[in-house]
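Comments concern the structure below.
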Amino acid sequence: MIHTFVSYVDDKPGVLTRVSSLFRRLNINIISLTVGRSERPGLSRMTIVCEASAEAGHRIRASMYKLENVLDVDDIAGAPAVTRELALIKVAATKDTRSPIFELVEVFRARIVDLAPESLMIEMTGVESKIEGLIQVLTEGDNEILEVCRSGKMTMRRGHHTSRVLKALGAGAIEPEDGASQTQQAEEGAVVEPE
Amino acid sequence: MNTNVNTPSPNGAITTPTRLTGSEILWATLVGEGVTDVFGYPGGAILPAYDALRKFPIRHVLVRHEQGASHMADGYARATGKVGVAVATSGPGATNLVTGIATAMLDSIPMVCVTGQVSSKVLGTDAFQEVDITGVTLPVTKHNFLVSRAEDLAPALRHAFQIARSGRPGPVLVDITKDAQQATALFDFDAAKPAPYRPHPMLKVEENGLKEAAELIRNAKRPVILAGHGVMQSGAMEQVRSLAERAQIPVALTLLGLGGFPASHPLNLGMMGMHGESWVNHAIQEADLLIACGMRFDDRVIGTPSTYALKAKKIHIEVDPAEINKNIKVDVALVGDLAEVLEQLLPQISGRDGSAWLKTIDASKGAVAVRDIKNLPDSGHLYAAHVMHDLWRITGGNAIVVTDVGQHQMWEAQYFHHEHPRTLITSGGLGTMGFALPAAIGAKVACPDKEVWVVAGDGGFQMTSPELATIVQEKLKINIAVINNGYLGMVRQWQEFFYDKNYESTPLVSPDFVKLADAHGIAAKAVRTRGELAGAVEEARAHKGAYLLNFLVEKEDSVYPMIPAGSALHEMIRRPGKNPLVERPDDI
């Protein structure tokens, strides 16, 4: 199954190696890994997506906690969350062939962010399947894709997921989806319906 | 040390903020952490630190190879429970520590390794004797630090000691650049105190789990306690004993668990696993409840996971949440410090009648239990088992025995009955040949009043035998038993059993160990027969200085029983009914 780990780590040299090395050691391929600053000073937030068994998910989380520089690990696996990925796609296009691409971009609610005589660049944010969809229709439309740059997944649980806020809201827990950590869900799982 | 230092505290600790060089800060912090002995080897990048060493009340043991330093720090830690400290220079000095660090990592031994590093100005330029040791040791340390500023040293070192000691213990490396050793900074031991230890967030004993565990124990008909290294690490000897006695549950031990439960206790079954006795492994396979205490279901202990104790519910009490369901899926996991968890569990356990199950196990011993090797007829051959038996008998089982890795290690585990914790020091997880001699030095430095025996094979002994010189230089009374069978014995045994007796590269030509000892100024003697055995052991013990006994034992003897790798726990190769080399009672 696909696991998505969201982790707060010290913003220090070598921390990325320590975390990624853990996956290497367990012989688990990282599908995507994004790191950036978090709302907490001195801490970075990582979103790590990998495929591993449900049992391995527990072990990965527990092992990540063993790293001195890791402060928090959440396995989102199947829980209600918002996931986004940013993609920059450069497509070959002249002024004669631009307009069908413009239409596609419109349909996918993406944006053109650069226009050159023989190419254009599309910026798109969305879930993985939406990005795959745009790439697919671009390719099927005989467009030549010159470059693709994808950020990897960024994920955030839906709603306020601390039990304190939950209590204040008086909301009950929602049953976890398949594979989600049960206890975690029971503690944190209330959710606002998706948009 | 600067002249403005106030009178040091009794242990020499500097208690008021003082301006010191990084080198002085290093030792001052170590003194403050209670360190009295370190094991090391000087070199260019750590020379400033060595220059400052004489000002501090720390004994430095000069080793012959840095691997020795890390094993000594390890042996020191295993013998006492304190943090062992090894020191080395940059580059090859640091990389030579790695085997010892990995050994400590696999067996969860608290250790701090201090290495010198090239100056921060040339870091990453492939400078002379530069190696990225924090990178190299990343997978074999609990954590490591690169310190390039004198002011960061005390906090990093204190944090290192905290990490090494806390939770599941382990090795930590602190790499210090040469310029950080030379620069000065204000040393304030108290201000450098690390933030309070943050326990693993997945570490909590759940009330429900305790209830469930107590319920399982109450209802079990055929329970077995599995006691591992964690029993000693957590200091839970009393609690495990209380649990066993209160509920009349027999206790099986892992190799590193030996000594955690008294060998003479009627509920002690003995060692489990690959070379465990048949009744122990059978009891586990027949059990309806296993209570795993501070052990991790290592593959040498379980055989194959798919065939392991299929009839048993399993309770796992363990400090490291990453161990839960790693090798064996368990029914109840109690994550936490073993002693604390058992303290909480014990009030829920009342007296229980276990006599029927104990009787069944006893009956299964049958002829297998007849292992009274001293009553076997003397065939003129000397067996390693005889040596172990006599070592145990003559020392009264009170010595610290430090073993190497191989057949002799298993014979030691089978025939030397460990009554007390921290009396067997052995490399379990990594299986490091060459461990015994240096680790014994560490143990003897830690416990100068204890009798210390090295038990090594002829193969492993040669991996670190230069440390004989360290024994002499430090004037240590260590007794050494080399179990010499002219083979890499355990590998030969595998070749005999699984590779058609193709003894490829296992016959071993060794130097005359008696002469080798003599060259070092160590008394020594060769022992060839059972008749000479006891006298020689007595003589070694009575001798004032170190003593080496070269036991020339039967060459093609094997360790029985044995579970072939990948087989189930009950599918063991038993002792041959009639040993071609010596007549033995059937099936022992």
Side-chain angles (χ1 to χ4, degrees), chain A residues 1 3 5-28 40-43 50 52-77 161-163 179-188, chain B residues 105 108 120 123-124 132-148 152 156 159-160 162-164 166-175 194-195 197-204 206 208-209 296 305 316 318-330 333 335:
Chain A
M1 65 182 282
H3 294 274
F5 297 98
V6 172
S7 175
Y8 284 89
V9 303
D10 284 331
D11 182 17
K12 282 184 184 165
V15 174
L16 178 61
T17 308
R18 288 177 195 275
V19 173
S20 58
S21 188
L22 182 79
F23 288 82
R24 173 194 55 76
R25 211 194 134 212
L26 297 171
N27 198 25
I28 292 171
R40 299 191 231 175
L43 295 187
C50 68
S53 67
E55 296 81 46
H58 166 88
R59 192 173 164 219
I60 294 167
R61 183 160 171 254
S63 302
M64 280 178 77
Y65 269 127
K66 284 164 74 172
L67 300 173
E68 196 56 32
N69 299 112
V70 172
L71 276 88
D72 191 59
V73 188
D74 187 7
D75 184 0
I76 287 181
H161 69 278
T162 62
S163 48
S181 151
Q182 302 272 337
T183 48
Q184 212 171 296
Q185 288 292 313
E187 286 165 14
E188 305 167 352
Chain B
M105 185 70 180
S108 307
S120 55
L123 263 181
D132 169 21
I133 196 65
T134 45
V136 169
T137 57
L138 201 70
V140 291
T141 48
K142 224 181 137 183
H143 191 62
N144 58 28
F145 297 86
L146 169 61
V147 182
S148 56
D152 297 337
H159 196 183
Q162 184 196 50
I163 295 168
S166 58
R168 180 176 180 172
V172 182
L173 181 134
V174 184
D175 195 27
Y197 164 61
R198 186 166 44 90
H200 197 295
M202 292 166 79
L203 208 155
K204 55 181 170 203
E206 280 166 31
N208 275 348
R296 57 190 179 90
H316 196 181
E318 167 60 45
V319 73
D320 181 356
E323 291 296 341
I324 304 300
N325 295 331
K326 183 175 92 176
N327 299 329
I328 293 293
K329 200 153 173 48
V330 297
V335 183

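So that the names make sense, note that chain A is the first sequence line, chain B the second, and so on, each numbered from 1.
- Across all non-hydrogen atoms, the minimal contact from A/H58 to B/P321 is NE2-O, 3.3 Å.
- In this structure, chain A has heavy atoms under 4.5 Å from both the backbone and the side chain of B/N144.
- In terms of non-hydrogen atom pairs under 4.5 Å with chain A, the most contact-rich of B/R168, B/K326, B/E323 is B/K326.
- Between B/A322 and A/K66, the shortest heavy-atom contact is CB-CD, 3.9 Å.
- Nearest heavy atoms, A/L71 versus B/R198: CA-NH1, 3.9 Å.
- The contact between A/S21 and chain B is made entirely by side chain atoms (from C-beta outward), counting heavy-atom distances below 4.5 Å.
- Heavy-atom proximity under 4.5 angstrom to chain A picks out B/L138, B/P139, B/H143 from residues 134-143 of chain B.
- For chain A, the nearby parts of B/I324 are the backbone and the side chain; heavy atoms of each come within less than 4.5 Å.
- Rounded to the nearest 0.5 Å, atoms CD (A/E68) and NE2 (B/H159) are 4.0 Å apart.
- The backbone N or O of A/Y65 sits nowhere less than 3.5 Å from a side-chain atom of B/H200 that would complete a donor-acceptor pair.
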